[in-house]
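Everything quoted here is computed from the prediction, not taken from an experiment. Throughout, protein chains are lettered first and strands after them, A, B, ... in sequence-line order, and every chain is numbered starting at 1.
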Amino acid sequence: MRSAKGSVFSVSLGVGLATGLYGISFGAIAATSHLDIWQTMALSLLMFSGGSQFAFIGVFATGGTASLGAAVASAWLLGVRNGFYAVRMAPILNKVGLAKLIPAMVTIDESTLVSISQEGIKNQRLGFWLTGGFVYLFWNAATLLGFILGNAIGDVSKFGLDAAAAAAFVALIWARLDTFQARLVALIAISLAVALTPALPAGIPVLVAGISAVVIGWFEARPKAGER
Amino acid sequence: MNTWWAILLGSLAVYSWKLLGFLIPERALSHPRVSRIASLMTVALLAALVGVQTFAGKSGIVLDARVPAVVLAALLAWRKVPFIVIVVLAAGLAALLRFLGWMA
C-alpha cells in the first residue's frame, strides 16, 4: 500500500510540474494581450482551466474590450468538458452539500485523469486531491513567472510570442483529432473562423465555428467501408 | 463590459460546469449525442482559435511569420513533441524569420 501511495504522489507531482511549464506560456502570452498582472493572476486563480483561459486571452488579444462578451462565451464553452469530468468524479469523491464546492474547483483534465487511472477508491481520491493541489500551485506560480518574463520581453512579435499562442492551440488540439468526425469538425471550424474574421467583430467567428460541433456531433459516426 | 467583470463572469461560467457535474445524476449526461457534441465543441473552438490566432491582423486576414510557425507546431505535435517544446520552437521560428526580415 505504501508504495502505491508513493507512486500516486510522484505521478501527481510530475503532472503538476509539467502543467507548470504550460502555465509559463500562458502567463507570457497573457502579458502580450493587454491584461495586467492582477487580471492574469485572477484568471489562473479563479477560472483555473487552461483551455478556457487561453481562449479568453486569445479572443481578448484580437478584439480588446469590445470582444469581452465573446471572450467570456468562448471560455465558457471550452470549459464544458470539466462538467463531464465532474460527473465522473462525483461518485469517487462522494461529497454532499457544500462540500462539493471545493473539489469542483480542481476538477480538471489532469486531476481526473490521474484519479481514474489509479486502483482502488483510496488511491483514486488521493490522486485527485494531490494532482489538483499540485496543478493549482504550479499553474499559478508559473502564470506569475510567465507574466514577468513576457512583460520583460516587451516587443512581443519580435520574439514570436504572437505565434506562440497559435502554436499552443495546435498542441492542445492535436491529441483530440483522433476520429474522422473530430478532423472534419476541425477543418470546418478553422475555415469558418478564418473566412468570417474580416466580416465579423473579433471573437464572434470563434463562436460561430462552434456550431460545426453541434451539426456534425448530432449524427453518429459511421465507420466507412475499408476504414479500420 | 469592464475587463474585471468579464474575468469574474468568465470564471464563474467555467466553474458552473464543474459544479453542475457534481450536482446532476450521472445518467443525465450519458446520452451519446450530448457527450459527442461536448467533446467536438472543444475541437471546434480550439481549431477556430488556431485559425484566428494565425491569420487575424489589424484589418482582416494577414499572412506573416505566424503561418510557418504554426505549420512547424503541427509537425511537432504530429511527432508527439512535448507541449512546451512545441510552443518555444514555433515562437523561435517566427522570431528568426522576422529577424531575417523574411516575413513581417
A cation-pi test, strictly: NZ or CZ of A/R81 under 6.0 Å from the centre of the six-membered ring of B/W17 and no more than 45 degrees from its axis. Yes or no?
no
Pick from A/I24, A/L43, A/T65, A/L177 with the largest number of heavy-atom pairs that fall under 4.5 Å of chain B
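Most pairs with chain B among the choices: A/L43.
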Highest number of heavy-atom pairs under 4.5 Å with chain B: which of A/P103, A/G64, A/S74, A/S49?
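If we count pairs closer than 4.5 Å to chain B, A/P103 comes out on top.
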Engaged part of B/L8 at the chain A interface, taking heavy atoms whose separation is under 4.5 Å
side chain
Given that the side chain runs from C-beta out, which part of B/F22 has a heavy atom under 4.5 Å from chain A: side chain, backbone, both or neither?
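The answer is both parts of B/F22.
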Ring centroids only, cut at 6.0 angstrom: are A/W38 and B/W4 within range, meaning strictly under it?
no
State the OG1-CG distance between B/T42 and A/D109, to the nearest 0.5 angstrom.
9.0 Å
Taking the side chain as C-beta and beyond, is there a heavy-atom pair between A/E220 and B/R36 under 4.5 Å?
yes
Of the listed residues ([options]), which shares the most heavy-atom pairs with chain A below a 4.5 Å separation?
options                    : result
B/L49, B/T54, B/L93, B/V81 : B/L49
B/I61, B/V70, B/L76        : B/I61
B/S11, B/A94, B/A56        : B/S11

Nearest atoms (heavy-atom pairs only) where A/A167 meets B/A90:
CB-CB, 3.4 Å
